[in-house]
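I'd like to ask you about the structure that follows.
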Amino acid sequence: MPRINFLLLLALLPVLLAAQHLELTPAYPTVRHGARELPLAWFGGLNTPQTQAADLDGDGVNDLYFFDKAGEIHLAMKGDGNGNYEEAPELTAFFPPDITGWIMLRDFDDNGVPDIFTYAEVIDGVRVFRGHRRGDGLLEFELINFGGALPILYFPFSGNTTPLFVSSIDYPAITDLDADGDLDLLTFSVNGGYVEYYQNQSVERGFGLDTLIYTLESQCWGGFYESGLTTKLDLAAGPDDCFDNLTGPTGGGRPRHSGSTITVLDYDGNGLPDVMLGDVSFDRITLGLNNGTRTRAWISEQDSSWNDLGTVVDIASFPAAYHVDVDQDGVRDIIASPSVVLNGADVRVMWYYRNEGTEENPDFRFQDDRKLVRDMIDLGTSANVTVFDENADGRPDLVLGNNDEYTPDNGLDSRLRLYRNVTPEGGAIAFELVDEDYLGMSAFQTTGWAFAPTFGDLDDDGDLDVVIGNRDGKLFYGENTAGPGNPAAFAQLVFAWQDLDAGQFSKPFLADLDRDGLLDLLVGGFDGRVRFYHNIGTPTEPAFASDPAAPGNLLQLGGFTTNKPGVSTGHPSPWVVQNAAYTLILTGNRTGQLEAYRFGIDSAYTENYTLLTKEVDSLDLGGFSNPGLGDFDGDGKLEFVIGNQRGGVSFYRSNLNVDATTALFAPQRPQLAISVVPNPASEQLTVGGWGTGEVTELALLDVTGRVLRTQTIERARTQVQWRLEELATGVYLVRASGPGGVGTQKVVVRR
């Protein structure tokens with residue numbers, strides 16, 4: 001399967017010898033949930049998918065396209081023609097980046113290439129992009145200018161040219177309603193309640209299908225009125241009538257329009273277009289059956305809680321129906337999904353009703369409310385990633401927190417999940433879900449949520465303790481009492497630890513930023529700043545002053561924020577990588593990209609950091625990115641696991657060394673030859689091989705890049721011996737640095 005690389009192009013300092021880049025390549029390790037392997041594990045989750053089928057790569061087989069309003073991101077799966085799909089981010093690489101609200105893939109000019117109808121953004125209206133095939137078969141698009149003041153659709157009204165109205169939260173229907181071959185449009189009126197019918201006059205006027213000319217043919221298509229007070233429609237008495245809401249049972253004559261979705265299909269097989277409607281006020285789909293004619297629609301029957309003959313759609317709130325062939329059997333099915341990003345369903349978002357009939361006479365039968373989502377890591381809303389060797393086997397595991405998962409009782413399910421690294425020695429990376437409520441965090445849901453963990457040895461006892469961020473900005477602390485080399489065992493968690501407070505949505509990271517031998521705290525907050533709390537305790541008793549203005553603390557580390565212009569929240573999620581020459585801070589942000597900052601060993605942590613990159617254009621995860629780094633297969637390179645707003649995660653291989661000496665962020669230094677014997681080692685390790693005065697410091701790192709041990713080397717010394725009793729079985733890295741350069745060697749510890 002073809003894959004593409006996402007390049008982080010770095011504007012490096014003038015002192016660098018040459019520009020470098022950090023290369024992130026999508027990868028898809030095996031993930032198991034019990035006996036099930038997740039074939040779409042790293043797709044990144046779905047929250048509000050607008051699902052459509054189209055041939056995205058020109059191979060003659062339809063793929064699945066999703067526009068998810070959670071992060072407003074294009075997503076794609078490649079189909080094999082038999083109902084099986086795989087992750088394929090490259091299929092949307094050339095889609096327009098500025099899509100908001102809603103989007104539809106429609107081939108309006110019938111040339112075999114999908115075009116785009118979408119929200120106009122500047123004004124409540126419709127933009128159209130014409131699709132083209134690139135040489136590699138992928139789609140790219142060009143915005144069409146229809147000759148008006150804005151590149152949007154217009155229609156004649158009262159002697160003027162008026163923008164065709166569709167709001168950002170609506171979902172219109174764009175289909176051939178009059179069976180003449182061109183695409184017409186249905187949308188709710190600006191005042192709401194009634195559906196307007198815009199007929200495409202291209203064929204009627206002899207222009208052919210490559211032109212779009214719309215006229216308003218009806219302001220009461222189907223004769224019905226949607227009150228917004230109930231899912232039941234107010235129906236007209238006959239095909240030539242329009243329900244009058246001034247005198248009808250819902251009465252009052254008050255115009256309303258807060259949000260509606262429309263899907264058109266011939267549901268009952270009578271050759272006329274029927275409608276499936278969703279409303280922002282309700283959790284049900286309404287089916288309206290058309291018993292009029294092609295020229296005069298009349299919705300005279302309804303199922304106000306579809307499907308009353310089977311399983312009823314239950315999506316809180318604002319459901320939408322999509323008529324799409326999901327299983328690739330040649331007939332279109334129904335997918336129902338939510339249309340709101342906040343306070344709504346975020347896992348049960350793909351209600352799949354398989355068409356067991358034909359296209360002309362469909363028979364929709366419920367199959368699943370998590371179609372495709374069951375095959376992903378999907379934690380609901382937002383995935384907070386960290387890396388931690390939980391069972392002390394020398395291989396980093398994954399701990400994933402979420403902001404919340406919406407529950408049917410309007411609750412918020414926030415917890416941590418532990419994915420164990422089960423990669424065989426020398427084999428492909430693999431994970432297994434072993435704990436769905438790690439550390440029992442679900443017990444705290446009544447008072448806290450949005451849990452974001454980090455791990456580090458705060459009490460100098462050889463094991464890693466835990467600090468957990470929280471929705472209210474405060475922190476949990478748990479002491480690991482297991483001792484070195486043993487699976488983690490945490491004491492009772494302490495809430496509001498040391499009175500530290502990042503405002504809201506705290507995302508902590510432990511690192512010795514000032515290199516004084518004590519782990520400090522970096523805490524990302526909702527306001528876009530990374531707070532720094534200097535450890536003023538001892539190696540065995542950490543202590544932090546809660547006042548950001550206290551000596552050693554910083555309210556805004558490095559002088560940077562992750563806020564975008566005009567936005568007051570940035571939600572940074574910092575991750576620190578250090579070596580002997582510099583400190584690198586990578587952080588996610590609200591917009592779903594990665595930022596990178598650097599300062600050198602000769603710079604104080606109180607100084608401003610140097611911006612390497614503020615935005616990774618080709619790595620857009622759709623909102624609230626949250627990176628975690630680790631060497632999961634022991635090859636000396638860091639892999640990136642990045643969470644996103646949709647509650648899913650993506651996996652990337654990188655060319656960044658565990659010790660960060662890949663010269664991406666610092667001048668190249670001479671490579672220093674060192675030796676480590678024996679290798680594999682058990683009780684003792686001898687490190688040497690350098691010349692007199694070439695090395696001034698040795699360090700031992702684990703596979704996440706954390707420094708476990710450092711030792712200053714006297715000028716005359718050319719080898720040292722280390723005892724290894726406290727180390728668990730696993731892969732480690734020995735790093736030597738000094739005037740002679742930098743050298744690293746991988747060592748395997750076996751018990």
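Bear in mind the structure is a predicted one, so any value in this text is a computation, not a measurement. All residue numbers in this chain count up from 1 along the given sequence.
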Among Leu418, Leu416, Val399, find the residue that satisfies the side-chain contact (heavy atoms from CB on, under 4.5 Å) test when tested with Leu439.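 Result: among Leu418, Leu416, Val399, Leu416 is the only option passing the side-chain contact (heavy atoms from CB on, under 4.5 Å) with Leu439.
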Ion pair Arg653/Glu639, N-O distance below 4.0 Å: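 Between Glu639 and Arg653 there is a salt bridge, with a charged N closer than 4.0 Å to a carboxylate O.
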Nearest non-hydrogen partners of Pro508 and Ala452, listed with the distance: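 It is CD-O, 3.3 Å.
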Can you check whether Trp497 and Phe476 have ring centres sitting under 6.0 Å from each other?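 That pair fails the under 6.0 Å test.
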When you compare the side chain of Val523 with that of Lys507, does any pair of heavy atoms fall below 4.5 Å?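 The answer is no; the side chains never approach within 4.5 Å.
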For Lys637 and Asn657, which I'm curious about, is there any donor-acceptor pair between the side chains at under 3.5 Å?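 The answer is yes; a qualifying pair exists.
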Salt-bridged, Asp413 to Arg415, with N to O below 4.0 Å?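 Judged by the 4.0 Å cut-off on N to carboxylate O distance, Asp413 and Arg415 do form a salt bridge.
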Take Val434 and Asp397 through the side-chain contact (heavy atoms from CB on, under 4.5 Å) test and state the conclusion after the steps. CA-CA 11 Å; Val434 296; Asp397 308 302; over 6 Å; no
Steps toward side chain to side chain donor-acceptor pair (under 3.5 Å) verdict (Asn535, Asp520): CA-CA 5 Å; Asn535 190 341; Asp520 308 303; 5.3 Å; no
Distance-minimising heavy-atom pair for Tyr28 and Trp42: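 Of all heavy-atom pairs spanning Tyr28 and Trp42, the closest is CA-CD1, 3.7 Å.
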Under 3.5 Å, is there a donor-acceptor pair linking the side chains of Thr583 and Gln578?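 Yes, because at least one side-chain N or O of Thr583 sits under 3.5 Å from a partner of the opposite role on Gln578.
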For Leu40, give me all partners under side chain to side chain contact (heavy atoms under 4.5 Å, CB included), at least two apart in sequence or on another chain.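 By the side chain to side chain contact (heavy atoms under 4.5 Å, CB included) rule, Leu40 matches Phe43, Met77, Glu87, Leu372, Asp375, Met376.
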Could you give me the CA-CA distance, side-chain angles and deciding distance for Leu64 and Phe66, then say whether side-chain contact (heavy atoms from CB on, under 4.5 Å) is met? CA-CA 7 Å; Leu64 283 184; Phe66 309 90; 4.0 Å; yes
Work out which heavy atom in Ser414 is nearest to a heavy atom in Ala450; give both atom names and the distance.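 It is OG-N, 3.0 Å.
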Could you verify whether a donor N or O on one side chain and an acceptor N or O on the other, from Asn47 and Asp68, lie under 3.5 Å apart?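 No - no donor-acceptor pair under 3.5 Å links their side chains.
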So, are Arg395 and Glu432 salt-bridged, with charged N and O less than 4.0 Å apart?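 No, Arg395 and Glu432 are not salt-bridged.
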For residues Ala76 and Leu91, report the shortest heavy-atom separation together with the two atoms involved.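 Looking at all heavy atoms of both residues, the closest pair is CB-CB, 3.8 Å.
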Assess, by modelled atom type and distance only, whether the side chains of Asn82 and Asn84 contain a donor and an acceptor separated by less than 3.5 Å.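 Their side chains do not contain a donor-acceptor pair, so the 3.5 Å distance test is not met.
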For Thr423 and Asp633, does a side-chain donor sit closer than 3.5 Å to a side-chain acceptor?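 Absent: no donor and acceptor within the cut-off.
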Check the angle between the aromatic planes of Phe388 and Tyr438 and answer parallel, tilted or perpendicular using the 30° and 60° thresholds.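 Correct class here is tilted.
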Between the side chain of Ser625 and the main-chain N/O of Gln593, is any donor-acceptor distance below 3.5 Å?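 Yes.
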Between Glu405 and Arg417, is there a side-chain N and carboxylate O pair less than 4.0 Å apart?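 Salt bridge present between Glu405 and Arg417.
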Hey, are Tyr477 and Glu479 close enough side-chain-wise for a donor-acceptor pair under 3.5 Å?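 No donor-acceptor contact under 3.5 Å links the two side chains.
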May I ask you to decide if the ring planes of Tyr597 and Phe560 are parallel, tilted or perpendicular, using 30° and 60° as cut-offs?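 Rings of Tyr597 and Phe560: parallel, under 30°.
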Check this for me: does any side-chain nitrogen of one of Arg348 and Asp378 sit under 4.0 Å from a carboxylate oxygen of the other?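 Not counted as a salt bridge, because no side-chain N and carboxylate O are separated by less than 4.0 Å.
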Sorted by first residue and then second, give each side chain to side chain donor-acceptor pair (under 3.5 Å) pair with at least one member in residues 441-461; sequence neighbours left out.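 Every side chain to side chain donor-acceptor pair (under 3.5 Å) pair that includes a residue of residues 441-461, provided the two are not neighbours, is Asp437-Ser442.
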Asn679 side chain to Val748 main-chain N or O, any donor-acceptor pair under 3.5 Å?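 Yes.
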Anything under 30° is parallel, anything over 60° is perpendicular, the rest tilted; go ahead and classify Phe632 against Phe431.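 Perpendicular.
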What closest approach, in Å, do Asn486 and Ala392 show between heavy atoms, and which atom pair accounts for it?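 Distance-wise, the nearest heavy atoms are O-CB, 3.4 Å.
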Donor-acceptor under 3.5 Å (Lys746 side chain, Val731 main chain):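 Checking the backbone N and O of Val731 against the side chain of Lys746, no donor-acceptor pair under 3.5 Å is found.
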Is it the case that over 12 heavy atoms from other parts of the model lie below 6.0 angstrom from the CD atom of Glu436?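 Check fails, neighbour count at 12 or below.
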Val641 versus Phe651, closest heavy-atom pair with distance: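 Here Val641 and Phe651 meet closest at CG2-CD1, 3.6 Å.
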Examine the side chains of Asn589 and His571 and answer whether a donor and an acceptor come within less than 3.5 Å of each other.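 No, His571 and Asn589 have no side-chain donor paired with an acceptor closer than 3.5 Å.
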Would you please test Ile73 and Arg646 for side-chain contact (heavy atoms from CB on, under 4.5 Å) and show each step? CA-CA 10 Å; Ile73 185 172; Arg646 305 182 309 281; 3.6 Å; yes
